[in-house]
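A quick write-up on the structure given underneath.
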Amino acid sequence: MRLDKLLANEDFGSRKEVKKLIKKGSVQVDGEVIKDVSHHVDPNQSEVVVNGNVIDYREFVYIMLNKPKGVISATEDSRHECVTDLLDPFYDKFNLFPVGRLDKDTVGLLLLTNDGELAHQLTSPRKKVDKIYEATINGVVTEEDVQAFKEGVILDDDYVTKPAELEVTETTDEHSWVVVTISEGKFHQVKRMFQARGHEVRFLKRRQMGSLSLDEQLPLGEYRELTEQELDQLKT
Ligand code: URA
């Protein structure tokens, strides 16, 4: 690809602007300053540096975010902070979007990518990808609740959920701590499942989606790119 075309594609300005940039010696290819705008580069092989910054040509990017409370799972909103606002502006050019949604007050694992195919694989109801949540529930969650989740719960709109796994890890007179596994992603699903059983969710955190587990080293609001291994597992 011609160097001027590549830089224009990478949003360094119009064809005319990037030609100027190249001619003034701001661009290096494989360590050498190149002033010839028609110089050919191989985007998969050459290292192109503009004003000291290495150009990142990747088509797809995959980010694991530990979503904090108060941020919405969207890319744009006139009133609220969005999950994409938490990312470094470096990622703007990739047009990342969240895979599925977590409620504004839900925390935990959220994948951000621009890979529409993978996003579809992970969110399509037909693929039945497991999502695992930790929750704190008002009241005592009983064995009957566990059984009801196993059979499917009737939600407020009469939808019967697919079987879900509910494990109670601790209870007091006032609260229960649970782990829930669901294979669907209906609106407010976990909260509505507990509501159908007469309980209220006080705290909700997603810790896993398919094979991808939240990196517990990531503080709330922090993110990192997936490792190659995490990505391979997620794709298979
Ligand atoms: N279920 C909910 O109720 N809320 C979420 O954010 C995710 C699952």
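For ligands, and for the atoms within them, numbers begin at 1 and follow the listed sequence.
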Exercise. Does CG in Leu220 sit with more than 12 non-hydrogen atoms of other residues, nucleotides or ligands closer than 6.0 Å?
Worked result: yes
For this session: Take Glu184 and Gln189, measure what side chain to side chain donor-acceptor pair (under 3.5 Å) needs, and give me the verdict at the end.
Result: CA-CA 8 Å; Glu184 330 170 74; Gln189 179 154 347; 3.1 Å; yes
Seminar exercise, completed: Hits for side chain to side chain donor-acceptor pair (under 3.5 Å) against Arg101, two or more places apart or cross-chain, chain-then-number order -> none
Problem set entry | Residues that Lys93 engages under side chain to side chain donor-acceptor pair (under 3.5 Å), provided they are two or more places apart | Glu10
Kindly print each ligand 1 N/O atom paired with any protein N/O atom under 3.5 angstrom away, one pair per line, or none if nothing qualifies.
| unit_1 | atom_1 | unit_2 | atom_2 | d |
| --- | --- | --- | --- | --- |
| ligand 1 | 1 (N) | Val190 | N | 3.1 |
| ligand 1 | 3 (O) | His188 | O | 3.2 |
| ligand 1 | 3 (O) | Gln189 | N | 3.4 |
| ligand 1 | 3 (O) | Val190 | N | 3.3 |
| ligand 1 | 3 (O) | Lys191 | N | 3.0 |
| ligand 1 | 4 (N) | Asp103 | OD2 | 2.7 |
| ligand 1 | 6 (O) | Asp103 | N | 2.7 |
| ligand 1 | 6 (O) | Asp103 | OD2 | 3.4 |
| ligand 1 | 6 (O) | Thr106 | OG1 | 2.8 |

For this session: Could you pull out all residues at least two apart from Asp92 that satisfy side chain to side chain contact (heavy atoms under 4.5 Å, CB included)?
Result: Pro89
Exercise. On the ring face of Tyr159, is Lys186 found with NZ or CZ under 6.0 Å from the centre and within 45° of the axis?
Worked result: yes
